[in-house]
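Take a look at the structure set out below.
In the text below, chain A, chain B and the rest are named by the order of the sequence lines, each starting its count at 1. Below, each value reflects all heavy atoms present in this structure, side chains not excepted, and no hydrogens, waters or symmetry copies.
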There are 2 protein chains.
Amino acid sequence: MLAGISVSCLGLPRGSFPDAQVSAPDLGSLFRRQPIEKVETGAAVFWEGDEATHVFEVVEGVLRVFKIMSDGRRVITGFIYPGDLLGVSLKDHYLYTAEAITPAKLRRFARSRFQDEINRCPELRPQLFAQFCDEMAAAQDQMVLLARKSAEERVSSFLLLIARRRAGGRPTSPLLAVPMTRLDMADYLGLTIETVSRSMSKLIACGVIAPSGRSAIIIRQLARLARLAGEGDGDDDEDRPPTMTSVRRAVWPH
Amino acid sequence: MLAGISVSCLGLPRGSFPDAQVSAPDLGSLFRRQPIEKVETGAAVFWEGDEATHVFEVVEGVLRVFKIMSDGRRVITGFIYPGDLLGVSLKDHYLYTAEAITPAKLRRFARSRFQDEINRCPELRPQLFAQFCDEMAAAQDQMVLLARKSAEERVSSFLLLIARRRAGGRPTSPLLAVPMTRLDMADYLGLTIETVSRSMSKLIACGVIAPSGRSAIIIRQLARLARLAGEGDGDDDEDRPPTMTSVRRAVWPH
DNA sequence: CGGTCGGTTGAAGCGCATCAATCCAAGTGG
DNA sequence: CCACTTGGATTGATGCGCTTCAACCGACCG
């Protein structure tokens, strides 16, 4: 049994609090002096079972993180966006494989040095804790999705998730990049590509979304999408900033 | 959107490392001076959305931790055993409801005090991190189960999980207490009670397990159960201590 | 231009959900 | 003590949602 943990936050960009003083040391700044490494589409950053030697920060691009059962069944446990950390763990082997689904740029940090920094700087720890908690909350939402949601609810939930994760999460343009293939979506949602495709077609047919080029969509009816996603008691109120009620507050009150 | 995180370890009893010096402060010892509170079967310790005021340590009994969708669908995200922590989070509201499924005993600790202790004692932090990582690893295994395993694989995986979690995880008696109802199992495994029941009947029929009283079973063929659970490349070798290859080592090498 | 890859769409089948009847053990009250 | 109730579990019959299998399409590329 192998080990390794990613700390991918839910999409709230670190280092950009409304009240951030520029020089406050944050997790991102740890990496700032590291050289940027490029990873091309489809290439792996590390494999499940590899010795966990480094922690990574994603600077650009999107990665998938997945586990594979012995008979080949694949489960994508998450997608990693710019600003997220990858490979943070106390275990000595990575728990999963990480592959780029777009050309990506990363910074690398030796695990031991990363841990030293965390131990040295008390103000970094709350941020790390916060990311763990966000990641755990996301994992639990995913369990709800996988255990009880229908195919259409899953696809709707997924579109909402990546829409809200879009850097900054602000309610800008309804144009949404969807860099992952149907197979990626299927393996993330516990479905087949055909079912994902059919669900997308249905969402398009009823006007909730519209295709825009090969790997982007336009969300035409956000509130309706949220209702289709199984987010109950959603009084229909178009374009309320997506759950800005719980923006990420104090972060472990120190 | 609500928040709250449990840190339930995978069943490795804290405070009992092979090389533990008795007085080393560990997470469990924090609670040792707190009075024990009893919770009767079915009673909740806290509800999803409650203000997260306390952290709990389970001393005795088993709890379920779950989320409910707006239309009533329930998903149990985990079961909490003695030695596990409950309610650890940086968020200010609990992410889920916690209910006793057997008579239980808990110790309570104010969240702010808990955080103070964590910040004060550097040797507690690695333990907390380790629990987060174990919890995250368990969540990922659960995602694999929910996304890709068949009903029979799910039930087999579940039995293996609680068998391995049994305090100490040592390969003692094959008698396994199953304190949860079929409904609990179903809501944990993303199935219905009927399907759980049928899968159990099938496991009994083919001799892998045997019923023992109303809420316990005997595991007759552990290796075969593991194979049925979808744990690939399992060469059949009865009663190897269950995955003792990765027992939980150094815990954040400091 | 054929070849490949990702996506869409249709038809058929299967695994699990649903509906329903029955059973069993453990109360509970007359 | 025994009828009656109640909650959990089992088992069967039926139906549906998703998978599976298969054909086809469009974009991209050597």
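Using a 4.0 Å heavy-atom criterion, one finds that B:Leu191 contacts the sugar-phosphate atoms exclusively. Within the 4.0 angstrom heavy-atom criterion, no nucleotide atom of any strand lies near B:Gly42. Across all strands, A:Gly190 comes closer than 4.0 Å only to sugar-phosphate atoms, never to a base (heavy-atom distances). Residue B:Ser201 is classed as a sugar-phosphate contact, given heavy-atom separations below 4.0 Å to backbone atoms only.
Look at CZ on A:Arg182: it is 13 Å from C1' on C:dT9, rounded to the nearest Å. In this structure, CG of B:Leu183 is placed 13 Å from P of D:dT10, rounded to the nearest angstrom. The CD1 atom of B:Ile101 sits 19 Å away from the P atom of D:dG7 (whole-angstrom rounding). Distance B:Ile217 CD1 to D:dT10 P: 12 Å, rounded to the nearest Å. Taking atom NZ on A:Lys202 and atom C1' on C:dT8, their separation rounds to 16 Å, with Å as the unit. Between A:Asp187 atom CG and C:dG7 atom P the separation is 12 Å, expressed in whole Å. Rounded to a whole Å, the CE atom of B:Met185 is 15 Å from the P atom of D:dG8. The CG atom of A:Asp184 sits 13 Å away from the C1' atom of C:dG7 (whole-angstrom rounding).
Side-chain atoms of A:Ser199 come within 3.5 Å of backbone N or O of A:Thr195 as a donor-acceptor pair. Not a single donor-acceptor pair under 3.5 Å links the side chain of B:Thr102 to the backbone N or O of B:Gly61.
By the ring pair (Phe, Tyr, Trp, His ring centres under 6.0 Å) test, B:Phe31 is found to be paired with B:Phe109, residues two or more places apart in sequence or in another chain being considered.
Within the structure, every pair that satisfies the side-chain hydrogen bond (donor to acceptor under 3.5 Å, both in side chains) test and touches residues 143-162 of chain A, not counting sequence neighbours, is listed here: A:Arg148-B:Asp187, A:Lys149-A:Ser157, A:Ser150-A:Glu153, A:Glu152-A:Lys202, A:Glu153-B:Arg73.
Remark on DNA chain D: of its neighbouring residues B:Val196 and B:Arg148, the 5'-side contact belongs to B:Val196, judged by nearest-heavy-atom nucleotide.
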Table of protein N/O atoms under 3.5 Å from nucleotides 19-25 of chain C N/O atoms:
from	atom 1	to	atom 2	distance (Å)
C:dC19	N4	B:Glu194	OE2	3.0

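Regarding contacts with the backbone of D:dT19, a side-chain N or O of A:Thr195 is found under 4.0 angstrom from either OP1 or OP2. In terms of phosphate contacts, B:Thr181 brings no side-chain nitrogen or oxygen within less than 4.0 Å of OP1 or OP2 of D:dG7.
The ring of A:Tyr94 has its center closer than 6.0 angstrom to the ring center of A:Phe46.
Salt bridge present: A:Arg108 and A:Glu37 bring a charged side-chain N and a carboxylate O closer than 4.0 Å. Salt bridge status for B:Lys105 with B:Glu40: absent, with no side-chain N to carboxylate O gap under 4.0 Å.
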